[in-house]
Amino acid sequence: MEDTKQEAEARAPQAAGADGQAATGPDVEHVIGGRRTAGTSGRTAPVYDPATGQVARHVHLASAEDVATAVETAEAALPAWRATSLAKRSTILFKVENIIRERTPELAAIITAEHGKVLSDAAGEVARGLENVQFCTGVMHHMKGEFLEQAATGVDVHQIRQPVGVVACITPFNFPAMVPLWMITTAIAAGNTVILKPSERDPSAAVWIAEAFAEAGLPPGVLNVVHGDKEAVDELLTNPLVKAVSFVGSTPIAKYIYETSAAHGKRVQALGGAKNHMVVMPDADLDSAADAAVSAAYGSAGERCMAVSVLVTVGDVADPLIERIKERVEKLTIGPGTDPASEMGPLITRQALERVNGYVANAPAEGATVVVDGTQQHFDGEGFFTGVSLVDHVRPGMKVYDEEIFGPVLSVVRVETFDDAVRLINTNQYANGTAVFTRDGKTAREFEFAIEVGMVGVNVPIPVPIGAFSFGGWKSSLFGDTHMYGPESFNFYTRRKLVTTRWPEPSESQIDLGFPTH
């Protein structure tokens, strides 16, 4: 979901202006203690308009000292924010929801300008992020503890939730508004202060969100935004004042985040990559399945951790289903995200474009058949566009199957039986999401029972849970033991404290060296 090592090296940070292209917009700065600042590093990275391939602006990259300053600012703001009533926190979140909802077109335009996704998709991303804001407005309910009267003679026990402290939220490029809202809203509602480190490829949405929180009444220092690369990240992972780290990105980086943070005594949730399979049974409605496959594979140019990247056809369903998919993809309109006619925009960087196209070009040498080759589609200008690709006769062991492509490429794996489909999915290293398309309730229930994947859809291709539940996969798709947003998120951002009380008469006091039992 995030950079490969090669991509990161290709996008190595520059001294200010050193990329050689003039920016058309203002630099993107950090937000520390409620104020914008360029920081002290003197380094910037280019932020591109993916539709034109031109540098739109530069983002300032934080030094370790800048990050430490942000962390100290968050630490200083913690006592007052922790003491703020839950009613006040809820009021601020209601205002945040109203501000973002009313200005969704403005935020969506920022997302499209830097990520490239079409405006309707950007607005949908904002709406899904707002689900968690809505959920967190009920903070009084979510922070309730437990009470046990007369646990022993004259002894009561109660349990309370308290914030963990300063938390770091490291978010990916593919959802520059939704994922931050998944993380920071719960953390803030629970009484923590936050350092948000968004992707440096599309950083402006994070700054916009921070300023929306400030407008809603969030005190300075509670939410801080720092931009940066590995130097900034490593400071967050090792700084002793940071008590918890949330991350969404690729599996190799998620593993690094988890291991480094845990080694420094931090609580960690690190969501990694995915290879999501959609199983189509012989009894499925093939037109509905084709619609779902196209939508789930190619939406947002496939740059979704829940995108369907593998179509598993059972029995003799492959040929008629592939024909239906071909009919649909030939009608897709690909163009700038700002064009209302566009159904799919560009990839986010030229490196991403070259990497995705490389998987398609390499597939025939591995024995696969490229049914639709989007890499051959021509686009005017220098934008990072590619067409959609459909690759048949794919099997495990091929790169196009084994690796997370993160682009508009759908692979077809043909299997004979339902059991073969289940076995294929359960042996894959990733276990983020999966789906089955069938008319048979028994098949659907068997799939739900047997599949070893964290999120499952039945005739739903992208089973992202609503805000009242929590998001997360299994196996190499998740490092840690709590999922993101919803109820589990409050568990992650709080610590439980047990208090045992007794109010004896002074005359009852006595020495007892034994372990208390009643």
Side-chain angles (χ1 to χ4, degrees), residues 1-9 11-13 30 39 41 43 45 61-75 163-174 179-180 182-184 186-187 192-201 203 206 224-274 305 404 429-432 472-484 488-489 491-495:
M1 293 175 62
E2 267 287 5
D3 295 342
T4 63
K5 183 179 181 216
Q6 291 79 12
E7 278 189 73
E9 290 171 349
R11 297 188 307 102
H30 317 295
S41 75
R43 297 185 303 136
L61 302 176
S63 64
E65 291 76 16
D66 294 330
V67 176
T69 298
V71 171
E72 290 164 5
T73 300
E75 176 74 8
V164 297
V166 178
V167 302
C169 300
I170 305 171
T171 58
F173 76 83
N174 57 325
V179 175
W182 282 1
M183 295 181 184
I184 66 174
T186 314
N192 303 279
T193 54
V194 177
I195 310 298
L196 171 60
K197 208 300 286 183
S199 170
E200 64 273 25
R201 280 181 276 182
N224 307 275
V225 180
V226 294
H227 310 288
D229 49 15
K230 190 174 185 295
E231 180 178 349
V233 170
D234 282 348
E235 175 63 24
L236 290 172
L237 304 186
T238 58
N239 190 303
L241 294 179
V242 176
K243 303 303 181 184
V245 178
S246 295
F247 172 81
V248 173
S250 70
T251 287
I253 300 177
K255 186 177 181 182
Y256 172 79
I257 295 283
Y258 180 78
E259 292 176 347
T260 306
S261 299
H264 286 82
K266 304 183 192 309
R267 180 177 292 187
V268 198
Q269 56 175 191
L271 277 65
C305 66
E404 185 182 31
Q429 67 164 319
Y430 298 113
N432 212 39
W474 293 1
K475 297 192 283 191
S476 292
S477 295
L478 174 69
F479 297 84
D481 58 0
T482 56
H483 291 176
M484 200 156 287
E488 288 194 48
S489 195
N491 291 337
F492 180 78
Y493 291 117
T494 60
R495 295 181 293 181

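Note that this is a predicted model, so its numbers are computed, not measured.
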Q. Could you give all pairs that pass the side-chain hydrogen bond (donor to acceptor under 3.5 Å, both in side chains) test and reach residues 64-75, with sequence neighbours left out?
A. Thr40-Asp66, Ser63-Glu65, Ser63-Asp66
Q.
Contact between Lys197 and Leu236 at the side-chain level, heavy atoms closer than 4.5 Å - yes or no?
A. yes
Q | Closest heavy-atom pair and its distance - Ala62, Ala232 | A | O-CB, 4.1 Å
Q | Partner residues of Gln269 under the side chain to side chain donor-acceptor pair (under 3.5 Å) criterion, sequence neighbours left out | A | Ser246, Thr482
(Q) Tell me if a side-chain donor or acceptor on Asn192 pairs with a main-chain N or O of Val164 at a distance below 3.5 Å. (A) yes
Q. Would Thr171 and Ile184 satisfy side chain to side chain contact (heavy atoms under 4.5 Å, CB included), going step by step from the backbone distance to the final call?
A. CA-CA 10 Å; Thr171 58; Ile184 66 174; over 6 Å; no
Q: Report yes if some heavy atom in the side chain of Arg267 is under 4.5 Å from a heavy atom in the side chain of Lys243; otherwise report no.
A: no
**Q.** His227 NE2 to Ser41 OG distance, which is reported to the nearest 0.5 Å
**A.** 11.5 Å
Q. Is the backbone of Lys266 close enough, under 3.5 Å, to the side chain of Ser261 for a donor and an acceptor to pair up by distance?
A. no
Q. Ala206: what forms a side chain to side chain contact (heavy atoms under 4.5 Å, CB included) with it, not counting sequence neighbours?
A. Leu196, Pro198, Val225
Q) So how far is it from Thr251 OG1 to Glu404 CD, rounded to the nearest 0.5 Å? A) 6.5 Å
(Q) I need the minimum non-hydrogen distance between Glu235 and Ala68, along with the two atoms involved. (A) OE2-CB, 3.8 Å
(Q) Using the side chain to side chain contact (heavy atoms under 4.5 Å, CB included) criterion, which residues pair with Thr260? Sequence neighbours excluded. (A) Leu237, Thr238, Tyr256, His264
Q. Closest heavy-atom contact between Ala74 and Asn224?
A. CB-ND2, 3.7 Å
Q: Taking side chain to side chain donor-acceptor pair (under 3.5 Å) as the test, write out the residues that go with Asn491, two or more places apart.
A: Arg161, Arg496
Q.
I'd like to check Cys305 versus Val248 (side-chain heavy atoms, cut-off strictly below 4.5 Å). Are they in contact?
A. no
Q: Indicate the atoms forming the closest heavy-atom contact of Ala70 with Ile195, along with that distance.
A: O-CD1, 3.3 Å
Q: Could you tell me which non-hydrogen atom of Pro172 sits nearest to which non-hydrogen atom of Val179, and how far apart they are?
A: CD-CG1, 3.7 Å
Q.
Just so I know, are the side chains of Arg43 and Asp229 near enough to count as touching, which here means a heavy-atom distance under 4.5 Å?
A. yes
Q.
Holding to side chain to side chain donor-acceptor pair (under 3.5 Å), I want the full list of residues that pass it with Ser477, two or more places apart in sequence or in another chain.
A. none
Q.
Under the rule for side chain to side chain contact (heavy atoms under 4.5 Å, CB included), what residues qualify as partners of Tyr258, not counting sequence neighbours?
A. Val268, Ala270, Phe479
Q: Take Val67 and Asn239 through the side chain to side chain contact (heavy atoms under 4.5 Å, CB included) test and state the conclusion after the steps.
A: CA-CA 9 Å; Val67 176; Asn239 190 303; 5.9 Å; no
Q) Mind checking what makes salt bridge (charged side-chain N to carboxylate O under 4.0 Å, His left out) contact with Lys230, not counting sequence neighbours? A) Asp234
Q) Of all residues at least two apart in sequence or in a different chain, which pass the side chain to side chain contact (heavy atoms under 4.5 Å, CB included) check with Ala431? A) Val453, Trp474, Lys475
(Q) Does Met183 form a side chain to side chain contact (heavy atoms under 4.5 Å, CB included) with Tyr493? I'd like the steps, not just the answer. (A) CA-CA 9 Å; Met183 295 181 184; Tyr493 291 117; 3.7 Å; yes
Q: For Asp481 and Glu488, work out which heavy atoms get closest and say how close.
A: O-OE1, 4.1 Å
